[in-house]
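The analysis underlying the following values was restricted to heavy atoms, covering all of them including side chains, and did not include hydrogens, waters or symmetry mates. Letters A, B, ... mirror the listed sequences (proteins, then strands); counts begin at 1.
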Number of protein chains: 2
Amino acid sequence: MSTEVSSGLQALEGDVFDINCPSRGVLEHVTSRWGVLVLAALGEREMRFGELHRRIGGVSQKMLAQTLRALATDGFVDRTVIPAAPPQVSYRLTETGDQVAAHVVGLVGWIERHLPEILAARDVEPATAAG
Amino acid sequence: MSTEVSSGLQALEGDVFDINCPSRGVLEHVTSRWGVLVLAALGEREMRFGELHRRIGGVSQKMLAQTLRALATDGFVDRTVIPAAPPQVSYRLTETGDQVAAHVVGLVGWIERHLPEILAARDVEPATAAG
DNA sequence: GAAAGTACGTACCTTGAGGTAACCAACGGA
DNA sequence: TCCGTTGGTTACCTCAAGGTACGTACTTTC
């Protein structure tokens, strides 16, 4: 493991290549199917549950709630309940969440911008060399 | 859709929030459980199949091969066969692959460095406010 | 007073991601 | 001749991700 014991202290840094390192779990929350999109959406601005649901095409309420819970547990998302007539719950990135989201937004943005090239490359596809 | 038809042409840019946009598929290849780790590993240097298999803890041959195929289809990874006595197959990032990998490596690196904070935040966890 | 909106929780069921194991082909070494 | 190595493929099976549907509690609107 990377989070070794060193003079009584622990947890220096993670190593995602190590199957036993807890960073694997965090990485999988962040890069999960809906985790990426939630972080990208909240990277734009604070949003309520319903707004997120409409913004992220194809997500079910169940998965959205589950994803938000996982990201909140990791301390990336902050949940605020406004006890109003119809309950209003707002979600925003924490400081650390803002930093991960920046990386995620960068990645997502790159893919969006280069999509035409990628799609074009799929058609050419040089048969992946001679087997 | 985002890849709209505009004066006879198409495919300007992707929109990952649109469930029908092909960028969704690319994003899921890149952020898949093993896709991230393959990109991060190849971001370090060119590697052979066996090297990747040993570097990425917990991946099976089947999933490694499958992931490499997906990334090669999207044009992120280049496959080179050296027809030697025991067949040698080398994998390296393409130019575009290098760019996505840079984002992925940035994200992975951030998580590795901030892992202690994230783990600490999980323990505090203010009960996600009053329900 | 019935329906709809808000923000979920939960039960149920399907799909597919992913693990295991066996097999292959070619060669070198014991 | 049999084993081991390399880089896979394929069949088979399991488990969890994730979808559908319904319940809830309160309020506004038609």
Side-chain angles (χ1 to χ4, degrees), chain A residues 16-17 19-20 24-38 41-42 46-74 77-92 127-131, chain B residues 19-20 24-38 41-42 46-74 77-92 127-131:
Chain A
V16 290
F17 293 115
I19 193 178
N20 294 315
R24 273 283 179 90
V26 177
L27 182 64
E28 279 168 26
H29 285 166
V30 172
T31 62
S32 71
R33 183 167 186 190
W34 303 117
V36 190
L37 298 176
V38 166
L42 292 180
E46 182 174 355
M47 280 190 205
R48 291 179 47 189
F49 188 87
E51 286 183 284
L52 278 167
H53 190 211
R54 283 184 294 273
R55 181 82 178 107
I56 302 171
V59 71
S60 65
Q61 290 188 326
K62 176 191 155 186
M63 288 314 298
L64 181 54
Q66 190 174 303
T67 304
L68 284 166
R69 240 181 295 141
L71 293 177
T73 301
D74 287 339
V77 165
D78 201 30
R79 188 187 133 107
T80 310
V81 181
I82 298 146
Q88 295 185 5
V89 183
S90 202
Y91 294 92
R92 53 192 289 277
T128 66
Chain B
I19 194 180
N20 294 315
R24 274 283 179 90
V26 177
L27 183 64
E28 279 169 25
H29 285 168
V30 171
T31 62
S32 71
R33 183 167 186 191
W34 303 118
V36 189
L37 298 176
V38 166
L42 293 180
E46 182 174 356
M47 281 191 205
R48 290 178 49 190
F49 188 87
E51 287 183 283
L52 279 167
H53 191 212
R54 282 183 297 273
R55 180 84 178 106
I56 302 171
V59 71
S60 66
Q61 290 190 323
K62 177 189 153 186
M63 287 315 297
L64 181 53
Q66 191 174 304
T67 304
L68 284 166
R69 241 181 294 140
L71 293 176
T73 301
D74 287 339
V77 166
D78 201 30
R79 187 186 134 110
T80 311
V81 181
I82 299 145
Q88 296 186 4
V89 183
S90 202
Y91 293 91
R92 54 192 288 278
T128 65

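For Arg33(A), the salt bridge (charged side-chain N to carboxylate O under 4.0 Å, His left out) test picks out Glu28(B), with sequence neighbours left out. The salt bridge (charged side-chain N to carboxylate O under 4.0 Å, His left out) search around Arg92(A) returns Asp78(A), not counting sequence neighbours. Partners of Arg48(B) according to the salt bridge (charged side-chain N to carboxylate O under 4.0 Å, His left out) rule, which considers only residues two or more places apart in sequence or in another chain, do not exist here.
Looking at heavy atoms from C-beta onward, Tyr91(A) lies out of side-chain contact with Val38(A) at the 4.5 angstrom threshold. Inter-residue side-chain proximity for Val59(B) and Leu37(B) is flagged as unmet; no heavy-atom pair is nearer than 4.5 Å. Taking the side chain as every heavy atom from C-beta outward, Val16(A) and Val26(A) never approach each other to under 4.5 Å. When side chains are defined from C-beta on, Thr31(B) does not count as touching Val30(A), because their heavy atoms never get closer than 4.5 Å.
Note: Met47(B) CE to His53(B) NE2 = 13.5 Å, rounded to the nearest 0.5 Å. Within the model, atoms CD1 of Ile56(A) and CH2 of Trp34(A) stand 8.0 Å from one another, a figure rounded to the nearest 0.5 Å.
The minimum heavy-atom distance between Ala41(B) and Arg55(B), with the atom names listed, is CB-CG, 4.3 Å.
Bounding nucleotides for the chain A contact on DNA chain D, 5' to 3', at a heavy-atom distance below 4.0 Å, are dG18(D) to dT27(D).
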If a protein heavy atom is under 4.0 Å from the base, mark B; if only from the sugar-phosphate, S; if neither, -; do that for nucleotides 10-30 of chain C going 5' to 3'.
-B------BBB------S---

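Axis angle across the helix from dG1(C)-dC30(D) to dA30(C)-dT1(D), with five pairs used at each end and values rounded to 10°: 20°.
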